[in-house]
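Since the structure comes first, as structure tokens, the remarks are kept for the end.
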Amino acid sequence: MPVLDDVQAMYNADTKGMLKALWELPEQCARAWELGMAADVSPMDDLRQVVVTGLGGSAIGGDLLRVYAAQRLDVPVVVNRDYVLPEFVGPHTLVFAVSYSGNTEETLSAYAQAREKGASLVVLTTGGKLGEMARNDGVPVITVPGGIAPRSATGYLFIPTLAVLYRMGLLPDLSHEVAECVSLLQSMREELKPEVPRDSNQAKMLAASFHNRIPVIWGSSGTTEVVAQRWKGQINENAKAPACWNVFPELNHNELVGFEFPGELLRRLYVVILRDPRDHPRVQKRFAITREIMEGAVAGVVEIMARGSGALARMYSLVYIGDYASVYLAMLYGVDPGPVRVIDTLKARLAEE
Ligand code: F6R
């Protein structure tokens, strides 16, 4: 597959600079922490829930927060990908309204509802209508740099929420975790960048395994679950290709049964098991047994272990590999990873209604 080793051709095909944004992700994470630390927020009395409302690339950061906070925060984090907020939202709820463009109609609707319900709000955006509304309403706005795709801004759209929760006295100071994450990603990009040839580039090898197959990405509840979802979304949006995701242990109770028919199509699946040293010990035992059961039916199975010691570094180490792999898969399909015409068309059509 010479296409993956023609570095200049890849940069030329990438008209929106997805590879550049990936290269800059470590610095984005560092900057994102600073932006969150500078936000104009104050502690809340009797906080009972945190809600992150957003869609697509602006929502996945909410899920990263949900998983990250599950063992650290004594209130639940709920992610809302809809026009409508859950009934429980009220004066004891902190709502992060997240939209990179600031113009996503579902998020604008949820923002208005959060205001009506008397929730405390923090907005993360580059501007748009959401930025304007928030400024007029006196709602704190974390303005993140524009010019990249929302899905490339996962640092900007997630890490400031950690800083805000720290500043509100709800999470410890995570600056060391952020620093570890930044330096791990800085070293990983030297392994994953386009200049590293396919035979020694894990992301390129993955893309080659996914090519002309359907990737099936499995994570585990409480550790890598969101990363599996992220891989799926990135393969969809960057490579314009389908992918599936699921989580252990739940998939052992249904999905695993479905590896018998139709044999011909199953041989087109390529399975990735995302692993984390903190996966539940019983779940770790499930990986090998699961492989024994289904491996013969599919094109291949590979396990990828998270790197780093803090949860942030471990999550992002896997996100990074998947992000690069999805861009390389786009190259193999001969498609520009940046534009998402289908989403743009949908939004434009809806704006006419
Ligand atoms: C595009 C992308 C999309 C958008 C989504 C919401 O890169 O990832 O999933 O994130 O359409 O738009 P924003 O983020 O502007 O609210």
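Both counts, for ligands and for their atoms, begin at 1 and track the order of listing.
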Who's the nearest protein heavy-atom neighbour of [atom], and how far?
| atom | value |
| --- | --- |
| atom 11 (O) of ligand 1 | K347 NZ, 2.9 Å |
| atom 9 (O) of ligand 1 | G57 N, 3.1 Å |
| atom 14 (O) of ligand 1 | S58 OG, 2.5 Å |

What atoms in ligand 1 come closer than 4.0 Å to a heavy atom of [X]?
| X | value |
| --- | --- |
| T104 | 6 (C), 12 (O), 13 (P), 15 (O), 16 (O) |
| L55 | 5 (C), 6 (C), 10 (O) |
| G56 | 9 (O), 10 (O) |
| S99 | 13 (P), 15 (O), 16 (O) |

- Pick, from K16, R151, E237, the option with the minimum heavy-atom distance to atom 2 (C) of ligand 1.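 The nearest heavy atom belongs to E237.
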- Message: Nearest non-hydrogen contact with atom 15 (O) of ligand 1 belongs to which option: P150, A149, S101?
- Response: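 Shortest heavy-atom distance from atom 15 (O) of ligand 1: S101.
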- Determine the interplanar angle of the W33 and Y166 rings, folded into 0 to 90°, and report it as parallel if under 30°, tilted if 30 to 60°, perpendicular if over 60°.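 Geometry flag for Y166 against W33: parallel rings.
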- When the ring planes of F158 and Y316 are compared, do they come out parallel, tilted or perpendicular, using 30° and 60° as the limits?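 Taking Y316 first and then F158, their aromatic rings lie parallel (interplane angle under 30°).
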- Taking the six-membered ring of Y68, is NZ or CZ of R66 closer than 6.0 Å to its centre and within 45° of its axis?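 No, R66 and Y68 do not form such a contact.
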- Item | Nearest non-hydrogen partners of Q28 and G155, listed with the distance |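 Where Q28 meets G155 most closely, the heavy atoms are OE1-N, 2.8 Å.
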- Nearest atoms (heavy-atom pairs only) where V327 meets L22: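 Closest pair (atom of V327, atom of L22, distance): CG2-CD1, 4.0 Å.
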- Tell me yes or no: between the side chains of R151 and N238, is some donor less than 3.5 Å from an acceptor?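 There is such a pair between these side chains.
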- Query: Is the shortest distance from a Lys or Arg side-chain nitrogen in D63 or R230 to a carboxylate oxygen in the other one below 4.0 Å?
  - Reply: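 No, no charged N to carboxylate O under 4.0 Å.
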- Message: Yes or no: does T107 have any heavy atom under 4.0 Å from an atom of ligand 1?
- Response: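 Per 4.0 Å heavy-atom rule, T107 does not contact ligand 1.
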